[in-house]
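A note on names: the letters A, B, ... follow the listed sequences, proteins ahead of strands, and every chain is numbered from 1.
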Amino acid sequence: MKIKAPRGTKDLCPDKSYRWQYVENKIRSVIHAYNYGEVRTPIFEYTELFQRGIGDTTDVVQKEMYTFLDKGERSITLRPEGTAGVVRCFIESGLVAGPQPTKMYYLSAPIFRYENPQAGRLRQHHQFGVEVFGAKDAAADAEVIELALHILHSLGVNNLSLHINSIGCPHCRPRYNQALKDYYAQRKGALCKTCLERLERNPLRLLDCKEESCSRLAREAPVITDYLCEECAGHFAALKKYFSAVGISYTVDPKIVRGLDYYTKTVFEIISEDIGAQGTVCGGGRYDGLIEQIGGPSMPGVGFGMGIERLLMVMEGAGVQIPRPEPLQVFLCTIGQPAKLLAFCAVCALRAAGVSADMDQAGRSIKAQFKYADKIGARFVLTIGGDEIEADKAKLREMATGVEKEVTLSKPLEWIK
RNA sequence: GUGGGUGUAGCUCAGUUGGUUAGAGCGCCAGGUUGUGGCCCUGGAGGCCGUGGGUUCGAGUCCCACUACUCACCCCA
């Protein structure tokens with residue numbers, strides 16, 4: 001039985017990794033201007049962190065975590081999202097005592113969820129994400145969303161829509177939940193089975209149901225933005241003002257609820273229509289209670305996660321051309337052992353000077369060496385044999401044109417000019 | 001966890017109403033004059049036909065189970 005990669009995981013082979021590097025480089029170059037520093041936290045944490053942070057009753061914590069006991073009987077969990085670990089690090093490292101706000105990002109961080117894989121959904125995926133701690137103004141919400149859009153645009157992705165919502169805070173959300181329950185309680189007959197179950201536990205979820213009868217009810221249901229407290233309503237209004245000030249278009253979508261308990265006030269998703277059913281490329285929002293929840297001071301936070309795999313799918317769908325890496329500059333064909341020694345010295349010298357170079361290591365015929373050089377797309381090929389060694393001259397052949405020029409064998413750095 | 005689709009060579013796929021040693025193209029390796037790529041020609045390697053049962057004289061082909069991949073629900077990035 002062949003051993004295969006675990007279900008829901010993907011290898012990234014050399015013929016594709018340049019795409020990831022392109023995205024990563026672009027993200028770094030854009031975020032550089034935003035005053036964010038990179039943070040790298042462990043891919044596993046104590047399980048309790050996620051139970052406290054994400055919420056005990058969420059699907060993620062209840063059925064999607066990779067949790068196990070280590071040899072010291074500690075309950076460990078592979079991180080199912082990025083924010084909790086960064087918050088833990090923020091508190092533990094003492095950054096809480098530094099100047100605020102603190103702005104951090106993580107890039108291509110592996111994320112693990114035990115889900116059933118499908119298009120755009122894996123058991124291990126990778127996220128780019130940002131977190132801003134200690135900024136309560138809606139300017140921070142606006143900044144992270146603008147940052148996400150800026151990065152997407154810089155990657156050539158434009159056919160996306162921004163959906164925003166406010167889900168209130170611990171002061172106003174209970175009132176809305178009650179209103180929802182009252183509304184649905186009078187209409188139980190039209191609800192589907194699962195929605196009847198959701199009614200008590202998480203009424204917000206009913207708004208998202210795809211059943212025809214449920215979604216018809218949802219259209220007439222109370223809207224959360226009508227129930228926001230003064231502070232939350234003001235925050236939401238301020239966010240919209242920032243958007244219109246810089247010309248960001250959005251749709252207010254009361255159906256956006258998010259499945260992580262820590263969100264307050266602003267929540268948003270950036271959605272693509274082109275990559276199948278899992279269209280959310282970027283999602284996030286504000287989490288003003290989380291830092292305190294995890295044992296830090298009472299301090300607001302806002303951030304997002306962006307799925308790298310989905311991002312690449314969107315780029316592919318949009319036909320974005322990603323530049324391929326430079327092919328090998330020089331390949332050395334050799335005949336005989338003395339030529340190999342000489343070639344080895346030459347590739348060392350070329351590489352030391354920053355010129356990519358390689359030589360035959362398979363012990364092949366000259367013809368096969370040329371074929372190989374051709375297949376890997378080498379720009380130049382130079383052949384070394386007895387005659388060349390004796391004369392200290394060799395022909396450097398440009399493969400695309402077939403044009404050859406004579407070079408001095410002992411001076412490899414003069415070959416490529 | 002639930003449902004649909006699909007599993008034959010590294011890849012894309014053929015394989016007739018079940019019938020003898022399982023095929024093609026591409027790719028890989030090697031040759032086609034002794035030191036030269038792309039085109040062409042020749043040869044080679046590489047498959048327990050996803051796994052396990054069953055029906056049958058005989059199964060890649062029919063039946064069942066399992067498994068993997070895939071799409072979708074749920075949920076999310």
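When distances run from any side-chain atom of A:Arg397 to the nucleotides B:U36, B:A72, B:A77, the shortest one goes to B:U36. Relative to the side chain of A:Ser365, the nucleotides B:C73, B:G31, B:A30 differ in distance, and B:G31 lies closest. The side chain of A:Phe370 sits closest to B:G37 out of B:U2, B:G37, B:C29. Relative to the side chain of A:Ala368, the nucleotides B:A30, B:C75, B:U36 differ in distance, and B:A30 lies closest. Considering only side-chain atoms of A:Lys371, the nucleotide from B:A77, B:G38, B:G35 that sits closest is B:G38. Residue A:Arg7 has its side chain nearest to B:U70 when only B:U70, B:G38, B:G35 are considered. Proximity note for A:Lys367 (side chain, C-beta onward) versus B:G32, B:C29, B:G38: the nearest is B:G32. Of the listed nucleotides (B:A77, B:C73, B:A30), B:A77 has the atom at the smallest distance from the side chain of A:His125. Candidate nucleotides B:G35, B:C73, B:C71 were compared by shortest atom distance to the side chain of A:Ala119, and B:C71 ranks first. When the nucleotides B:C29, B:C74, B:C73 are ranked by their closest atom to the side chain of A:Lys375, B:C29 comes out on top.
Geometric assessment of A:Arg286 against the ring of A:Tyr263 yields a negative cation-pi assignment under the 6.0 Å and 45° thresholds. Figure legend: cation-pi geometry between A:Arg364 and A:Tyr372, with NZ or CZ positioned under 6.0 Å from the six-membered ring centre and within 45° of its axis.
Note on A:Lys395: nothing from the nucleic acid sits closer than 4.0 angstrom, heavy atoms only. At a threshold of 4.0 angstrom between heavy atoms, the contacts of A:Gly120 include nucleobase atoms, whether or not backbone atoms are also involved. Among the protein residues, A:Gly402 comes within range of the nucleic acid bases, having at least one heavy atom under 4.0 Å from a base atom.
In terms of polar N and O atoms assigned as donor or acceptor, the side chain of A:Glu388 comes within less than 3.5 Å of the base of B:G35 in a complementary pairing. Between the side chain of A:Arg121 and the base of B:C74, at least one donor-acceptor pair of N or O atoms lies under 3.5 Å.
Distance check on atom P: B:C49 versus B:A9 gives 10 Å, rounded to whole Å. Remark: the separation of the C1' atoms in B:U20 and B:C28 is 31 Å, to the nearest Å.
Contact annotation: A:Gln278 side-chain N/O to B:C73 OP1/OP2 distance is under 4.0 Å. Between A:Arg258 and the phosphate of B:A77, there is a side-chain N or O to OP1/OP2 separation shorter than 4.0 Å. Contact check, A:Gln118 against B:C71: no side-chain N or O comes under 4.0 Å of OP1 or OP2.
B:A65 is paired with B:U51 under the criterion used here, namely a Watson-Crick or G-U wobble arrangement in which both key atom distances are under 3.5 Å. The partner of B:A72 is B:U2, by the rule that a Watson-Crick or G-U pair needs both atom distances under 3.5 Å. Nucleotide B:A24 forms a Watson-Crick or G-U wobble pair with B:U12, both donor-acceptor distances falling under 3.5 Å.
Aromatic ring centres of A:Tyr34 and A:His150: separated by under 6.0 Å. Centroid-to-centroid, the aromatic rings of A:Phe304 and A:Phe128 come within less than 6.0 Å.
Between the side chains of A:Glu131 and A:Tyr36, no donor-acceptor pair is found at a separation under 3.5 Å.
Other residues, nucleotides and ligands place no more than 12 heavy atoms under 6.0 Å from the OH atom of A:Tyr46.
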